[in-house]
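To start, the structure under review is shown below, and the notes come after it.
Every value quoted in this text rests on a predicted model; they were computed, and no experiment measured them.
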Amino acid sequence: MYFLFIGNVPGATLCATVGLLLTFLARFSQFKRFKGWGFEAEMWEEKQQEAEKLVESLKGIAALTAREVMLQSIKSGRWGSGKRWEDHWKLFEEVKAAQAGLLDEDGQRKVRRSIDRWFLHDMAITEFGKLKEIVTKEVEQARQEIRVKFGNPVSDPMAFEAEMQLLSTLDKSIGLFELAGTEPLIESIEKWWESARKTLANFGIDVAMPSEVRSRLDTYKALESLPEMPVTKELIAAGVSGTLCI
């Protein structure tokens, strides 16, 4: 600007040229390639950012694919399929090996958590079944008492309907298959049991959780609190049979 101000055009041109050259050299290291005065260039930083975004996208796809593959294996044909948990864990190792480099630690952790919930589901299913059996039996007993209480014909139809409706909420209680997608699973079972116990108490029926069921649920709850559930022969057997020997 100074050279232009004093009318020295050659000096101003020289300074501008040097400035542009220095700017180009400062940016030159960022280019992937440079083709000459026809000017075809690609910047390293831009390509690196694109590559990073692509890798992150592929990692997300890898985690989603691994999760769906595992859940399909675990959930398909659960009645009489002959699938055993050792097969599921072997498949998980194969999936990790096949997607090595894409399924990072965070992706593996999320997939593993989904598998663990179903592993726990299959271990706890027997205990949940015992609790459901107790509740179902007591609900039928309560219905019989309500019928006796209101007589035939029903002495108070509105009160009769209200009490029957209260019991019907236990008939519609969620099953363990639906609870398998919740976390923590054992706490969900405990909440369901407590709700059923309080409902039955309204009819003068007191139910208590069997000690052996309580003991196994406590064991499962401790396992569920771990970052990853251990894969042992005993737990695999429990996942197949639905009962852990303790």
Side-chain angles (χ1 to χ4, degrees), residues 71 74-83 85 113-226 229 234-246:
L71 291 184
I74 293 168
K75 294 167 69 174
S76 63
R78 293 184 62 78
W79 292 275
S81 68
K83 273 285 187 182
W85 267 101
R113 198 63 187 172
S114 296
I115 301 171
D116 282 351
R117 283 201 295 271
W118 281 99
F119 193 29
L120 190 66
H121 166 280
D122 287 1
M123 283 189 278
I125 193 168
T126 297
E127 317 313 322
F128 183 76
K130 290 177 181 178
L131 297 180
K132 286 277 285 186
E133 185 178 351
I134 292 171
V135 170
T136 300
K137 178 182 177 181
E138 296 302 337
V139 165
E140 186 54 38
Q141 179 61 33
R143 284 200 176 99
Q144 293 296 334
E145 293 179 4
I146 290 172
R147 294 188 182 101
V148 172
K149 175 182 176 181
F150 288 97
N152 188 14
V154 176
S155 59
D156 187 342
M158 291 185 65
F160 175 82
E161 182 62 27
E163 292 196 13
M164 283 296 192
Q165 188 65 33
L166 183 59
L167 281 177
S168 70
T169 60
L170 296 181
D171 288 335
K172 298 175 183 177
S173 293
I174 195 168
L176 188 59
F177 189 82
E178 291 80 7
L179 286 176
T182 65
E183 190 175 3
L185 175 61
I186 303 304
E187 185 176 316
S188 297
I189 294 175
E190 292 172 335
K191 287 180 178 178
W192 166 82
W193 170 260
E194 185 60 20
S195 176
R197 189 190 67 77
K198 288 180 178 178
T199 300
L200 289 171
N202 291 327
F203 299 94
I205 299 174
D206 183 29
V207 292
M209 186 182 293
S211 59
E212 69 276 8
V213 174
R214 176 73 274 171
S215 178
R216 285 196 176 93
L217 288 182
D218 287 342
T219 300
Y220 298 148
K221 195 171 186 177
L223 290 171
E224 189 176 20
S225 67
L226 299 174
M229 290 184 61
E234 291 77 15
L235 292 183
I236 288 176
V240 173
S241 66
T243 302
L244 177 63
C245 296
I246 57 176

Are the side chains of V139 and I134 in contact, using a 4.5 Å heavy-atom criterion?
no
E163 vs R143, side chain to side chain contact (heavy atoms under 4.5 Å, CB included): CA-CA, chis, key distance, verdict
CA-CA 9 Å; E163 292 196 13; R143 284 200 176 99; over 6 Å; no
List the residues meeting side chain to side chain contact (heavy atoms under 4.5 Å, CB included) with D156, not counting sequence neighbours, and say none if there are none.
F150, M158, A159
Just wondering, do R147 and M164 contact through their side chains at under 4.5 Å, heavy atoms?
yes
Dump the intermediate steps for side chain to side chain contact (heavy atoms under 4.5 Å, CB included) on V213 and T126, then the final yes or no.
CA-CA 9 Å; V213 174; T126 297; over 6 Å; no
Is there a donor-acceptor contact under 3.5 Å from the side chain of S168 to the main chain of Q165?
yes
For S195, does its backbone N or O pair with a side-chain atom of T199 as donor and acceptor, under 3.5 Å?
yes
Taking atom CD of E133 as the centre, does the number of heavy atoms from other residues, nucleotides or ligands within less than 6.0 Å exceed 12?
no
Looking at CH2 of W118 and CH2 of W85, how far apart are the two atoms once the value is rounded to the nearest 0.5 Å?
9.0 Å
Looking at side-chain heavy atoms only, is the closest gap between L185 and R117 below 4.5 Å?
no
Could you give the distance from CG (L166) to CD (E161), rounded to the nearest 0.5 Å?
11.5 Å
NZ/K191 to CD1/I186 distance, rounded to the nearest 0.5 angstrom?
13.0 Å
Before giving the answer on side chain to side chain contact (heavy atoms under 4.5 Å, CB included), spell out for D116 and L223 the whole-Å C-alpha distance, their side-chain angles and the decisive distance to 0.1 Å.
CA-CA 10 Å; D116 282 351; L223 290 171; over 6 Å; no
So, do I146 and L167 sit near enough that their side-chain heavy atoms are less than 4.5 Å apart?
yes
State, yes or no, whether a side-chain contact exists between V135 and V207 at a heavy-atom distance under 4.5 Å.
no
Rounded distance (nearest 0.5 Å) linking atom CG of L235 with atom OG1 of T219:
10.0 Å
How many angstroms lie between CZ in F203 and NZ in K149, if you round to the nearest 0.5 Å?
8.0 Å
Decide yes or no for L217 and M209: does some side-chain heavy atom of the first lie under 4.5 Å from some side-chain heavy atom of the second?
yes
Intermediate values then yes/no, salt bridge (Lys or Arg N to Asp or Glu O under 4.0 Å), E190 and R214
CA-CA 10 Å; E190 292 172 335; R214 176 73 274 171; 2.5 Å; yes
E127 CD to I189 CD1 distance, which is reported to the nearest 0.5 Å:
9.0 Å
List the residues meeting side chain to side chain contact (heavy atoms under 4.5 Å, CB included) with A201, not counting sequence neighbours, and say none if there are none.
none
Do the ring centers of F128 and W192 come within less than 6.0 Å of each other?
yes
Report the C-alpha separation of E224 and K221 in whole Å, then their side-chain angles, then the decisive distance to 0.1 Å, and conclude whether the salt bridge (Lys or Arg N to Asp or Glu O under 4.0 Å) test is met.
CA-CA 5 Å; E224 189 176 20; K221 195 171 186 177; over 6 Å; no
